[in-house]
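Reminder, nothing fancy here: chain letters follow the sequence lines and each chain counts from 1.
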Protein chains: 2
Amino acid sequence: MSLEHAILVSLAERSASGYDLTRRFDRSLGFFWKATHQQIYRTLARMDGDGLVASTVSSVPGRPDRKVYDLTDAGRQELAAWTRTPTPPERPRSAFAVKVRGMPHGDRDAVIEDIRRQRAHHAEQLAHYEASAARDYPDPSAVAADELPVYLVLRGGIRTERTYVDWCDEMLDHLAPPARPTVPPTASPDQEKS
Amino acid sequence: MSLEHAILVSLAERSASGYDLTRRFDRSLGFFWKATHQQIYRTLARMDGDGLVASTVSSVPGRPDRKVYDLTDAGRQELAAWTRTPTPPERPRSAFAVKVRGMPHGDRDAVIEDIRRQRAHHAEQLAHYEASAARDYPDPSAVAADELPVYLVLRGGIRTERTYVDWCDEMLDHLAPPARPTVPPTASPDQEKS
DNA sequence: ACGAGCATGTAATTAGTTACATGATTCG
DNA sequence: CGAATCATGTAACTAATTACATGCTCGT
């Protein structure tokens, strides 16, 4: 039930409507926890019922009404209590790794193509994170104490994406070594062990 | 519905009972896709109904009966077709990153403690992967072609775990520098192997 | 005789995804 | 006027988790 805690963290940083949260889960927070708007509205409604959050309707004339949520004291307590519980080990779910392993039983070229696509995706994500870091933290040795957690999580994102890109490159080196497209030396599609 | 495909990959490598699969999902395959036995039995039953797998009961006297599953032709086709579809971008689910970000609104020391725990967990996992690699692939430049995918996925695991450990160290450097005597962060993954 | 491990399942609950649905405002 | 974005939801379905349940065998 961790979406609940992700919402608590986000609301603790700043109050928001369901719509605001949806956009946050598409950006910074969403790099580490994805959620769709349906999930968010439903969970928010339950949390309201449980007294963890409270909403006030903000009616700005000439705009649709917004239900703006805030943490209640119970919500703040729940969040603090959660930080005191050990994080359970994450259960990996990498369809990509499974697919690479399934390569011998499927379409080799298609999987290589998929690795290229995956590499491109993570390279893009990495570039995005690094741009954020350069913009928001030009001097990493002088990050303000209250911004440290956000900075450190961003650092985690950078490290993770870089690792992914490097891994893809390693795989491509093994599976599709830089071949000269014009003149292949020998027409042997099979790899040989040395 | 990717557990289905993980099962197809595993059965393509070697036929197995539900129990066998459960153990595989606790070991090698499970490093990239976790599943409990309930999930596996249920999914296996559905796949049987869909004609992707077929079972034969193996009765060894003096042992409980086993339902041993194999891929059918339809299963092999489905697996091959799956390798031809692009892997959708993975949606991150890192409760740990969310908790780090929630640090300012919770118990700082408890979160630092959690980072240490997380570091220990991933260091252990890393050591395990590196031992496997050293045992099974003593000469990485001479990995047999048919073992390449398994090797490359293991490499991904090693890279991922090392990154995690390094990230934890970076966080601890920022959050609790005096508490740690100088421990080599990355440098030598000393392998105390037999 | 008893506990550990083998082997297979059902049931109930919770979480997540996909599809459907509505209405208002702003910009071109 | 039509498309895009803001803003909020319901309903149906699929997947995942947790708890419960059974019976066999092997070693001590």
Side-chain angles (χ1 to χ4, degrees), chain A residues 1-8 11 15-27 29-30 32-50 52-53 55-69 82 87-95 98, chain B residues 1-8 11 15-27 30 32-50 52-53 55-69 87-95 98:
Chain A
M1 217 197 290
S2 233
L3 171 58
E4 202 172 284
H5 296 118
I7 288 176
L8 286 174
L11 288 181
S15 57
S17 69
Y19 191 80
D20 294 334
L21 283 170
T22 302
R23 279 178 311 178
R24 287 189 201 169
F25 276 89
D26 280 340
R27 309 171 127 255
L29 228 205
F32 312 100
W33 197 281
K34 284 272 181 235
T36 61
H37 73 116
Q38 296 87 342
Q39 243 181 307
I40 289 167
Y41 281 113
R42 190 157 25 84
T43 305
L44 225 30
R46 191 187 61 224
M47 291 168 75
D48 199 348
D50 291 348
L52 297 175
V53 300
S55 64
T56 48
V57 175
S58 119
S59 292
V60 176
R63 291 228 145 200
D65 282 3
R66 290 156 42 81
K67 272 169 87 174
V68 178
Y69 288 90
W82 179 64
T87 306
E90 315 190 356
R91 357 192 88 193
R93 283 278 151 93
S94 173
V98 172
Chain B
M1 219 196 289
S2 234
L3 170 58
E4 201 172 284
H5 296 118
I7 288 175
L8 286 174
L11 287 182
S15 57
S17 69
Y19 191 80
D20 294 334
L21 284 171
T22 303
R23 278 178 311 177
R24 287 189 201 168
F25 276 89
D26 280 340
R27 309 172 128 256
F32 312 101
W33 197 281
K34 283 272 181 237
T36 61
H37 73 115
Q38 295 88 342
Q39 242 181 306
I40 289 167
Y41 281 114
R42 192 157 19 84
T43 304
L44 225 29
R46 192 186 59 222
M47 291 167 75
D48 200 347
D50 292 348
L52 298 174
V53 299
S55 64
T56 46
V57 174
S58 119
S59 292
V60 177
R63 291 229 146 200
D65 282 2
R66 291 157 40 84
K67 271 168 88 173
V68 178
Y69 288 90
T87 306
E90 315 191 355
R91 356 193 88 193
R93 282 281 150 94
S94 173
V98 172

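Counting heavy atoms from C-beta outward, A:Leu3 and A:Met47 have side chains that stay 4.5 Å or more apart. Contact annotation: the side chain of A:Leu21 never approaches that of A:Tyr41 to less than 4.5 Å [non-hydrogen atoms, C-beta and beyond].
Between the side chain of A:Arg93 and the main chain of B:Lys34, a donor-acceptor pair closer than 3.5 Å is present.
On a pure distance criterion of 3.5 Å, no polar donor-acceptor pair joins the side chain of B:Arg42 and the base of D:dT14. The base of D:dT5 has none of its N or O atoms less than 3.5 Å from a complementary donor or acceptor on the side chain of A:Arg23.
Applying the 4.0 Å criterion to OP1 and OP2 of D:dA15, one finds that B:Gln39 has every side-chain N and O outside that range. Not one side-chain nitrogen or oxygen of A:Arg46 sits closer than 4.0 Å to the OP1 or OP2 atom of C:dT14.
As rounded to whole Å, 9 Å separates atom P of C:dG9 from atom CG of B:Leu44. Rounded to an integer number of Å, the gap from A:Ile40 CD1 to D:dT10 P is 15 Å.
Comment: B:Asp26 does not engage B:Arg23 in a salt bridge, judged by the lack of any side-chain N to carboxylate O separation of less than 4.0 angstrom.
When each of A:Lys34 and A:His37 is assigned the nucleotide of DNA chain C with its nearest heavy atom, A:Lys34 is the one assigned upstream, toward the 5' end. Residues B:Tyr69 and B:Arg93 each lie close to DNA chain C; by heavy-atom proximity, the contact nearer the 5' end of the strand is made by B:Tyr69.
Within the nucleic acid shown, B:Thr43 has no heavy atom closer than 4.0 Å to any nucleic acid atom. Backbone-only engagement by B:Ser17 is indicated by non-hydrogen atom pairs under 4.0 Å involving sugar-phosphate atoms exclusively.
Closest contact between the side chain of B:Lys67 and the listed nucleotides C:dG9, D:dT8, C:dT18 involves C:dG9.
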